[in-house]
Amino acid sequence: MGKQTLYDKLWEQHVVHSEDDGTSLIYIDRHLVHEVTSPQAFEGLHIAGRKPWRTGSMLAVPDHNVPTTTDGAGIDDPVSRLQVDTLDQNCNHFGITEFNMADPRQGIVHVIGPEQGATLPGMTIVCGDSHTSTHGAFGALAFGIGTSEVEHVMATQCLIQRKSKNMRIWIEGELRHGVSAKDIVLAVIGEIGTAGGTGYAIEFAGPVIRELSMESRMTICNMTIEAGARAGLIAVDQTTIDYLEGRPFAPTGDTWKNAVEAWRSLTSDDDAHFDHEIKIEASTILPQVTWGTSPEMVTDIEGYVPDPNDYEDPTISIGIARALEYMGLEAGTAIRDIKPELVFIGSCTNSRIEDLREAADVVRGRRVAPSIKQALVVPGSGLVKRQAEAEGLHQIFIDAGFEWRNPGCSMCLAMNADRLKPGERCASTSNRNFEGRQGQGGRTHLVSPSIAAASAIAGHFTSAEDL
Amino acid sequence: MDAFTVLDGLVAPLDRANVDTDAIIPKQFLKSIKRTGFGPNLFDEWRYMDQGEPGRDNSGRPLNPDFVLNQSRYEGASILLARENFGCGSSREHAPWALFDYGFRCIIAPSFADIFFNNCFKNAILPVVLNENIVDDLFIRVFKQPGFMLKVDLSAQTVEFADGEKARFEVEAFRKHCLLNGLDDIGLTLEKAEVIKLYEKRRQIEAPWLFDPVA
């Protein structure tokens, strides 16, 4: 057998059937489900008189619509409530395990999968959500799908796919102090662009990746979709195995030992062929801040808002001009002079315990600037929240003037009540700065938890070191 | 699913790159549990001057006169001409549902985001990739010539201009087959149910932990 990449191995292990033209039937091991992209799929099953092929492969949780306020009042908006109720009903009807809104384990689907050990190396994992790429951090082939494919996986446990190409992003050298996984992935997107990974599965590798915790690896794989690649991957190592051992849905006993042995082969072979390779020297990465309306519109904390007149390609130049108009920014403005009015720490990118620790370290003993209208901390799951409270992080945030909320997707996409008003500017640890993403007319700057926290204190973009 | 064979359609130009699915259909409309009715809210934030809400009657809302689809010359367009990386962002299938509901059956662009591209084929929309020079040229023609039409022939894999000039596009054989015939691919996959069961049997021996139920 030839040298294989990690992606080649995962693909090969899951091919059920292949046509001559390369179209393949791929088996899906884990199907994560949330309330927004599943109701029409369940309806399709009902109409066709079909049942899920393997309910044991499924784990459901409401996250996009759930309120994060702590008054326990439930969902105000009847349309949102119906969507969450519909998930509850469908899961009850078909016997699918669901962490409903009252369950202490409820949270963002991409946080709870790994947290529960429902995400395992070597799996194919899908969810009707583009940030399913998160789970690739475990050496799993994980990608987002649309609702028709959600129904397809429910009904057949398979998907019809063609193999992607292989890309490797190799990160070596030393990370600077204060630079985190979020900065790495934003810098990658800045370099290759939001379509740079289209058609590829991207493996992140190299000594810097090997040193990262699982949570940091998840942050990087999470935003692979922002570089256009449906799947991000990181090879299995001891860090992966240590993270999973003892988690509720992880295997136990002899099965655990056999699984671990199998998982250790989930790495790219030496000299495996990649269709595209990129090397990045970690020491060149500074903390990142986006200035525009696409994640590729990014620079570092020492940077400036670009001038559209510096670009010859009219599509790029017009795109920048449009973004600056939407963002209410002048060309040439120093990033440090931009003043967010809101700060959001949360989302499937940055709401895990290490993210909250990183932000709390910056905030400890300080106060949010008076110019900040609202600063939110939204933990990724009920268990993250509980852990943070056990460590006293909540008190650090509350004392500094942050609101300490219940878990959910929240202001990342503003499907619940947490949203920006037109013109409001937000320093956000989420993943998308598209127009209207955090609320119609809202202006998003994507940053790491530590930059979000430091900027909340300073009232303008800055790093923790400069407070 | 409706079949897609030949489309003779009016072309509307959307001259911006990286159009994301949040722009195609904003988040508040994703709360619906239905597949239909998204057309009036397609490109909602660009199309209207006020903020749209699900369940609201859109007929009296103030239109943004600068937005291309609000110009009368593009009324009834079924082909959307777009720029690179169209449909990037979230996996929401509400995006092709909204485009279809509005009346679009074909989108032409130099490139598409993967998930969106895939979702189109499940919803009787043909995404056509043409090279950037051809797309540039099409934009010039659409702007210049009111009523500019194209003929898209899936079987022949061609986009034909009114003057008989043709551009060829690629499409995967399986997707073409499904779209030409309006096939439900779940039914096709279930014809292979025995093959799937055999695969499961083998994998249960190789990697039994993959089959532990989440419960």
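Each chain gets a letter, A, B and so on, in the order its sequence line appears, and its residues count up from 1.
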Q: Please flag which part of A:Thr198 lies under 4.5 Å from any non-hydrogen atom of chain B: side chain, backbone, both or neither.
A: both
Q. Non-hydrogen atoms of chain B under 4.5 Å away: do they reach the side chain of A:Gln40, the backbone, both or neither?
A. both
(Q) If the contact rule is any heavy atom under 4.5 Å from chain B, which residues of residues 24-34 of chain A qualify, in numerical order? (A) A:Leu25, A:Tyr27, A:Asp29, A:Arg30
Q: For residues B:Arg92 and A:Leu413, report the shortest heavy-atom separation together with the two atoms involved.
A: NH2-CD1, 4.4 Å
(Q) Need one label for B:Glu206: side chain, backbone, both or neither, based on atoms under 4.5 Å from any heavy atom in chain A. (A) neither
Q. A:Gly44, A:Gly128, A:Ala259, A:Ala195: which one forms the most heavy-atom pairs within less than 4.5 Å of chain B?
A. A:Ala259
Q: Would you please say whether a donor-acceptor pair under 3.5 Å links the side chains of A:Thr37 and B:Glu93?
A: no
Q: Could you have a look at B:Arg83, B:Arg175, B:His94 and say which one has the most heavy-atom pairs with chain A under 4.5 angstrom?
A: B:His94
Q. For A:Ile318, is it the side chain, the backbone, both or neither that has a heavy atom under 4.5 Å from a heavy atom of chain B?
A. neither
**Q.** Atom group of A:Arg432 that falls short of 4.5 Å from chain B, counting heavy atoms
**A.** side chain
Q. Using the ring of each side chain (for Trp, its six-membered ring), is B:Trp209 parallel, tilted or perpendicular to A:Trp263, with breaks at 30° and 60°?
A. perpendicular
**Q.** For A:Gly199 against B:Asp114, the heavy-atom pair lying closest together
**A.** N-OD2, 3.0 Å
Q. If you count the non-hydrogen atoms of other residues, nucleotides and ligands that lie under 6.0 Å from CD in A:Glu261, is the total more than 12?
A. no
Q: Sort A:Ala155 into side chain, backbone, both or neither according to what part of it lies under 4.5 angstrom from a heavy atom of chain B.
A: both
Q: Could you look at A:Val15 and say if it's the side chain, the backbone, both or neither that has a heavy atom under 4.5 Å from chain B?
A: backbone
Q: Counting only heavy atoms closer than 4.5 Å, note whether A:Gln161 contacts chain B via side chain, backbone, both or neither.
A: neither
**Q.** Residue, of A:Glu19, A:Gln157, A:Glu226, A:Arg322, that accumulates the most heavy atom pairs under 4.5 Å with chain B
**A.** A:Arg322
Q) Who wins among A:Glu296, A:Arg50, A:Arg419 for the most heavy-atom pairs under 4.5 Å with chain B? A) A:Arg50
Q) Which heavy atom of A:Ser130 sits nearest a heavy atom of B:Ser90, and at what distance? A) OG-CA, 3.5 Å
(Q) Heavy-atom pairs under 4.5 Å with chain B: which of A:Met58, A:Arg54, A:Glu35, A:His131 has the most? (A) A:Arg54
Q. Hey, does the side chain of B:Glu45 reach the backbone of A:Gly441 with a donor-acceptor pair shorter than 3.5 angstrom?
A. no
Q: Give the minimum heavy-atom separation between A:Gln440 and B:Asp50, together with the two atoms involved.
A: NE2-O, 3.7 Å
Q.
Taking side chain as everything from C-beta outward and backbone as N, CA, C, O, which of these in A:Thr194 sits under 4.5 Å from a heavy atom of chain B? Side chain, backbone, both or neither.
A. both
Q | Per-residue contacts, residues 118-127 of chain A versus chain B, heavy atoms under 4.5 Å | A | A:Leu120, A:Gly122, A:Met123
Q. Can any side-chain N or O of A:Arg230 pair as donor or acceptor with the backbone N or O of B:Ile115 at less than 3.5 Å?
A. no
Q.
Can you tell me which portion of A:Thr23 sits under 4.5 Å from chain B's heavy atoms? Options are side chain, backbone, both or neither.
A. side chain
Q | Under 4.5 Å from a heavy atom of chain B, the part of A:Asn258 involved | A | both
Q. Where does B:Ala215 contact chain A at under 4.5 Å (heavy atoms): side chain, backbone, both or neither?
A. both
Q) What are the two closest heavy atoms between B:Gly89 and A:Phe434, and how far apart are they? A) CA-CE1, 3.7 Å
Q) Which one, B:Ser111, B:Ser91, B:Pro213, leads in non-hydrogen pairs under 4.5 Å with chain A? A) B:Ser91
**Q.** side chain to side chain contact (heavy atoms under 4.5 Å, CB included) evaluation trace for B:Phe174 with A:Asp21
**A.** CA-CA 8 Å; B:Phe174 179 76; A:Asp21 75 342; 4.2 Å; yes
Q: Name the region of A:Phe249, side chain, backbone, both or neither, that has any atom closer than 4.5 Å to a heavy atom of chain B.
A: side chain
Q: Between chain A and each of B:Pro208, B:Gly52, B:Ala193, count heavy-atom pairs under 4.5 Å; write down the option with the most.
A: B:Ala193
Q | Criterion side chain to side chain contact (heavy atoms under 4.5 Å, CB included) on A:Glu149 and B:Asn118, from CA distance to verdict | A | CA-CA 9 Å; A:Glu149 289 189 319; B:Asn118 199 40; 2.6 Å; yes
(Q) At a 4.5 Å cut-off on heavy atoms, which part of A:Trp53 comes close to chain B: side chain, backbone, both, or neither? (A) side chain
Q.
Only heavy atoms, only distances under 4.5 angstrom. Which residues in residues 123-135 of chain B are near chain A?
A. B:Asn123
Q.
Report which part of A:Gln116 has an atom under 4.5 Å of a heavy atom belonging to chain B: side chain, backbone, both, or neither.
A. neither
Q: Go through the atoms of A:His152 and report whether side chain, backbone, both or neither lie under 4.5 Å from a heavy atom of chain B.
A: both
Q | Between OG1 on residue A:Thr156 and CG on residue B:Leu188, distance to nearest 0.5 Å | A | 11.0 Å
Q) Looking at B:Phe116, B:Phe211, B:Tyr199, which one has more heavy-atom pairs under 4.5 Å with chain A than the rest? A) B:Tyr199
Q: Between chain B and each of A:Glu43, A:Arg162, A:Glu151, count heavy-atom pairs under 4.5 Å; write down the option with the most.
A: A:Arg162
Q: Indicate whether any N or O donor in one side chain lies under 3.5 Å from an N or O acceptor in the other, for B:Trp46 and A:Glu435.
A: yes
Q.
I'd like to know which of A:Ile96, A:Thr132, A:Ile145, A:Leu82 tops the heavy-atom pair count under 4.5 Å against chain B.
A. A:Ile145
Q) With respect to chain A, which residue among B:Asp185, B:Leu198, B:Asp44 yields the maximal number of heavy-atom pairs within a distance under 4.5 Å? A) B:Asp185
Q: Report, by ascending residue number, the residues of residues 20-38 of chain B in heavy-atom contact with chain A at a distance under 4.5 Å; give 'none' if the set is empty.
A: B:Asp20, B:Asp22, B:Lys27, B:Leu30, B:Lys31, B:Ser32, B:Ile33, B:Lys34, B:Arg35
Q: For A:Cys158 and B:Thr189, work out which heavy atoms get closest and say how close.
A: CB-CG2, 4.4 Å
